[in-house]
J.: 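To start, I am sharing the structure in question, which I have written as structure tokens.
These numbers come from the heavy atoms of this one structure, side chains and all, not from hydrogens, waters or symmetry mates. For ligands, and for the atoms within them, numbers begin at 1 and follow the listed sequence.
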Amino acid sequence: MKTDQNSTNNNCSDYPRTEGSRASRGLAGSDRVNRSLPPETIARLIHTALDARRFSYAPYSHYCVGAAVLTEDGSVFDGCNIENASYGATICAERTAIFAAVSKGHRSLIALALAAAPEDVEPAAIKDYPSPCGICRQVMREFADPSGFKVILAKSTEDYRILTLADLLPESFGPDYL
Ligand code: THU
């Protein structure tokens with residue numbers, strides 16, 4: 001069955017179409033998706049991800065994660081990891097943030113910042129760059145252009161790495177194949 005994740009023409013969407021950013025192989029070289037992020041945008045996303053980590057519910061792993069996703073219209077949605085006694089029902093911070101955006105009609109994602117550390121580590125003392133799990137990389141792939149989407153792996157607003165989704169998920173499968 002043909003699907004279009006940006007289309008309003010389906011059974012479950014009355015949302016206005018979000019222009020552009022189909023996760024299409026054909027869009028990989030466009031200026032729109034390859035534009036660089038302004039430093040103040042990077043700082044805002046990292047700050048939001050660090051702050052979102054405060055709400056992490058992680059009684060099993062004690063590993064607290066925060067994420068902030070930037071959508072094409074400039075909106076920012078945040079999220080934290082939310083664990084569950086069944087373990088398998090746990091959701092990562094990235095997916096919490098992305099699903100918050102999509103559930104408000106934002107299907108075109110530009111960048112995501114991630115911050116993570118054990119619960120006893122204050123934001124100012126985070127020592128390691130985080131890394132998104134495979135499921136979250138695949139969820140990003142649904143709503144972002146792989147070569148344009150920036151993933152900001154943050155220790156702090158001053159210390160971070162930026163990779164593209166294509167770096168993190170090479171040779172990926174996505175909606176453009178169906
Ligand atoms: N976690 C995230 O929130 N994002 C990731 O990409 C890696 C893992 C969470 C899930 C779980 O609550 C905890 O970190 C330990 O895996």
J.: What pairs with Asp167 under salt bridge (charged side-chain N to carboxylate O under 4.0 Å, His left out), at least two apart in sequence or on another chain?
T.: none
J.: Is atom CD of Glu122 surrounded by more than 12 heavy atoms (other residues, nucleotides or ligands) closer than 6.0 Å?
T.: no
J.: For a quick check: using heavy atoms under 4.0 Å, what are the residues in contact with ligand 1, sorted by chain and number?
T.: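 Shell around ligand 1 (4.0 Å, heavy atoms): Ser61, Tyr63, Val65, Asn81, Glu83, Thr90, Cys92, Ala93, Glu94, Ser131, Pro132, Cys133.
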J.: Are Ile42 and His47 side-chain neighbours, meaning at least one heavy-atom pair lies under 4.5 Å?
T.: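 Side-chain contact under 4.5 Å: no.
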J.: Taking the ring centre of each residue, are Tyr129 and Tyr160 less than 6.0 Å apart?
T.: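 For Tyr129 and Tyr160, the ring centres are not under 6.0 Å apart.
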J.: With sequence neighbours left out, write down each residue that passes side-chain contact (heavy atoms from CB on, under 4.5 Å) with Ala115, or none if nothing qualifies.
T.: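 Here the qualifying residues are Ala49, Leu50.
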J.: Going by the rule side chain to side chain donor-acceptor pair (under 3.5 Å), which residues pair with Asp128 if we only count those two or more places apart in sequence or in a different chain?
T.: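 Asp128 satisfies side chain to side chain donor-acceptor pair (under 3.5 Å) with no residue once adjacent residues are dropped.
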